[in-house]
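Structure first, then comments.
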Amino acid sequence: MRTPVTAPSQGELERQNGFMEKIAEINRKKDRKPRFFINTFGCQMNAHDSEKLDGMLRKMGYEPCADEKEADFVLYNTCCVRENAENKVYGNLGFLKHAKKENPDMKIALCGCMMQQPTVIETIRKKYRHVDIVFGTFNIYKLPELIMTNIESSSPVFDIWDNYADIVEDLPTVRKFKYKASVNIMFGCNNFCSYCIVPYVRGRERSRRPGDILSEIRALAADGVKEVMLLGQNVNSYGRGLDEDIDFAGLLRMVNEIDGIERIRFMTSHPKDLSDRLISAMAECDKVCGHIHLPFQAGSNEILKRMNRRYTKEQYLGLVDRIRTAMPDIAITTDIIVGFPGETAADVDETIDVVKKARFNGAFTFIYSKRTGTPAAEMPNMVSEQDAKANFNRLLDAVNPIVEELNQKKVGNTYKVLVDGVSSDPALVTGRTDDNTLVHFKGCRELIGDIVDVKITDSKIFYLIGELQ
Ligand code: SAH
Ligand code: SF4
Ligand code: F3S
């Protein structure tokens with residue numbers, strides 16, 4: 001069933017363009033434009049892939065719609081990092097079965113990380129026969145061809161690859177925001193943290209060439225983009241395997257030179273690869289934002305070792321110190337897992353100790369989810385749900401007061417805020433400070449995309465309230 005890895009011929013993009021034109025031609029003959037709906041699960045990698053899928057669908061003559069029941073083409077871009085991400089997809093697919101009964105012409109396509117797992121493909125073939133097109137993370141650029149094959153054969157199309165054949169540049173992309181954009185600088189991951197499925201579903205680490213990245217960012221700047229988010233599972237190992245002699249610090253300095261770009265963000269940084277060269281580059285580049293997302297996952301050295309994170313609690317805290325010495329105002333956020341196999345309450349005390357010492361501005365906290373195929377799934381002493389939850393709550397009780405206190409300290413100060421959108425209260429707009437704190441303040445939608453001064457008047461646990469200056 002798995003397609004062998006074949007390198008796409010030269011001009012793969014032109015081939016797909018050909019399919020896009022043919023499908024656009026077919027769609028032009030319909031009474032009305034067919035509608036599409038993309039549902040994206042998971043991280044920013046997936047969100048960015050969805051922008052490319054969106055761009056291709058529009059080029060093929062589809063138009064977006066807000067209600068998936070109304071769509072002629074429904075695409076789920078899936079995530080499998082934790083079990084509940086997968087359950088959401090299966091739940092929604094059950095619902096789509098009914099929607100398709102009402103609208104038999106509806107096409108359903110699935111892609112993304114979850115589809116890279118053979119057991120998932122088996123389940124879809126057996127239990128979800130209403131699905132029309134399935135592809136993976138390595139061949140999203142083939143969407144036009146897969147739609148064409150499905151039209152011609154009117155039977156389900158499955159096309160999942162085991163690895164990248166090539167990085168296809170220049171796919172049509174529809175950006176969600178005019179003034180900010182994500183840019184992939186690398187794909188895949190080589191770290192194999194023992195709990196994590198990502199290396200298995202996103203393949204080996206591959207960096208894009210600096211020239212390609214820089215020309216993409218220059219084009220974005222020319223198109224009005226002020227803030228770029230450089231994306232990779234571990235940006236700190238950027239450049240490995242490239243002919244050019246470049247690392248992430250060098251890339252940041254180059255992006256910092258691009259006219260029109262005002263803010264540079266990146267994620268994610270693996271602590272084991274964070275170099276002093278990067279700390280200096282961050283401190284010296286005026287456009288690089290004062291925020292770093294630096295997951296530490298666990299505080300116990302024994303657990304860290306079994307997680308295959310390749311740093312100790314002491315090394316992590318030392319790194320936090322070096323970062324804060326170079327950039328005293330920087331915000332540090334993190335990811336933490338509770339309930340890894342064999343983790344005791346005493347191990348979680350070590351995690352809480354890191355939280356208290358590092359004083360994070362925010363933390364994504366997760367209960368360990370067993371992922372079949374990863375080394376941790378085979379480890380003994382699964383933690384009971386009850387124990388994991390109790391430890392999880394203890395952890396939140398340590399994290400939240402610190403986040404609240406750090407936000408409280410901002411009251412009275414004025415910050416530059418990039419306005420992102422209208423808040424749930426339509427009289428308010430929301431935006432982010434340079435250190436990525438969320439701010440709500442009175443303002444109109446015309447401000448969206450502007451960087452404005454906002455004086456902070458109040459703080460809540462997870463956001464600030466301010467006044468436009
Ligand atoms: N590459 C990034 C993170 C990718 S996944 C990094 O290394 O930081 C995002 C977060 O999901 C991870 O940081 C981890 O905290 C969490 N995560 C990954 N696998 C998990 C699992 N099996 N159970 C619970 N949380 C998990
Ligand atoms: Fe997963 Fe670790 Fe790679 Fe992050 S660095 S994607 S947690 S294996
Ligand atoms: Fe991201 Fe989920 Fe895939 S976190 S890389 S979409 S498994």
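Just so you know, ligand 1 is whichever comes first in the structure, and atom 1 is the first atom listed for that ligand.
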For [X], the ligand 1 atoms whose distance to one of its heavy atoms is below 4.0 Å:
X	result
P295	8 (O)
R371	22 (N)
R309	7 (O)
Y368	23 (N), 24 (C)

Under 4.0 Å from any heavy atom of [X], which atoms of ligand 3 are there?
X	answer
C113	3 (Fe), 5 (S), 6 (S), 7 (S)
N46	6 (S)
Q233	5 (S)
C43	1 (Fe), 4 (S), 5 (S), 6 (S)

Yes or no on side-chain contact (heavy atoms from CB on, under 4.5 Å) for Y415 and K410, after CA distance, side-chain angles and deciding distance?
CA-CA 9 Å; Y415 296 95; K410 297 195 167 105; 3.4 Å; yes
Would you say atom 2 (Fe) of ligand 2 has C193 as a near neighbour, meaning an N/O/S atom of that residue under 2.8 Å away?
yes
Measure the acute angle between the ring planes of [X] and [Y], then classify it against the limits of 30° and 60° as parallel, tilted or perpendicular.
X	Y	answer
F364	F366	parallel
Y62	F73	tilted
F296	Y316	tilted

So if I count the atoms of ligand 2 from 1 in the order they appear, which ones are less than 4.0 Å from some heavy atom of C189?
3 (Fe), 5 (S), 6 (S), 8 (S)
Just by distance, with hydrogens left out, do D159 and W161 show a side-chain donor and acceptor under 3.5 Å apart?
yes
Verify the distance criterion only: is there a donor paired with an acceptor across the side chains of E83 and S369 at less than 3.5 Å?
no
Which of the listed options, [options], holds the heavy atom that is closest to [atom]?
atom	options	value
atom 6 (C) of ligand 1	V81, T268, N191	T268
atom 21 (C) of ligand 1	G232, S369, P271	S369
atom 10 (C) of ligand 1	I367, D335, T334, V198	D335

In terms of residue, atom name and distance, what is the protein heavy atom nearest to [atom]?
atom	answer
atom 2 (Fe) of ligand 3	C79 SG, 2.4 Å
atom 17 (N) of ligand 1	R82 NH1, 3.4 Å
atom 15 (O) of ligand 1	Q297 OE1, 2.7 Å
atom 19 (N) of ligand 1	Y195 CD1, 3.3 Å

Verify side-chain hydrogen bond (donor to acceptor under 3.5 Å, both in side chains) between N256 and D286, making sure each step is shown before the conclusion.
CA-CA 7 Å; N256 197 59; D286 56 328; 3.0 Å; yes
Is the terminal nitrogen or CZ of K460 (NZ for Lys, CZ for Arg) located under 6.0 angstrom from the six-membered ring centre of Y463 and within 45° of that ring's axis?
no
Between [X] and ligand 2, which part of the residue brings a heavy atom under 4.0 Å of the ligand: side chain, backbone, both or neither?
X	answer
P199	side chain
R309	side chain
Y195	side chain

Decide side-chain hydrogen bond (donor to acceptor under 3.5 Å, both in side chains) for K88 and N39; before the verdict, give the C-alpha distance in whole Å, the side-chain angles of both, and the deciding distance to 0.1 Å.
CA-CA 11 Å; K88 267 191 235 158; N39 196 350; over 6 Å; no
Does T325 reach the main-chain N or O of D321 with its side chain, forming a donor-acceptor pair under 3.5 Å?
yes
Under 4.0 Å between heavy atoms, the region of M114 that gets near ligand 3 turns out to be neither
Counting only nitrogen or oxygen atoms and a 3.5 angstrom limit, does Q233 reach ligand 1?
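Yes; at least one N/O pair falls below 3.5 Å.
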For R202 and ligand 2, answer yes if some heavy atom of the residue is under 4.0 Å from a ligand atom, otherwise no.
no
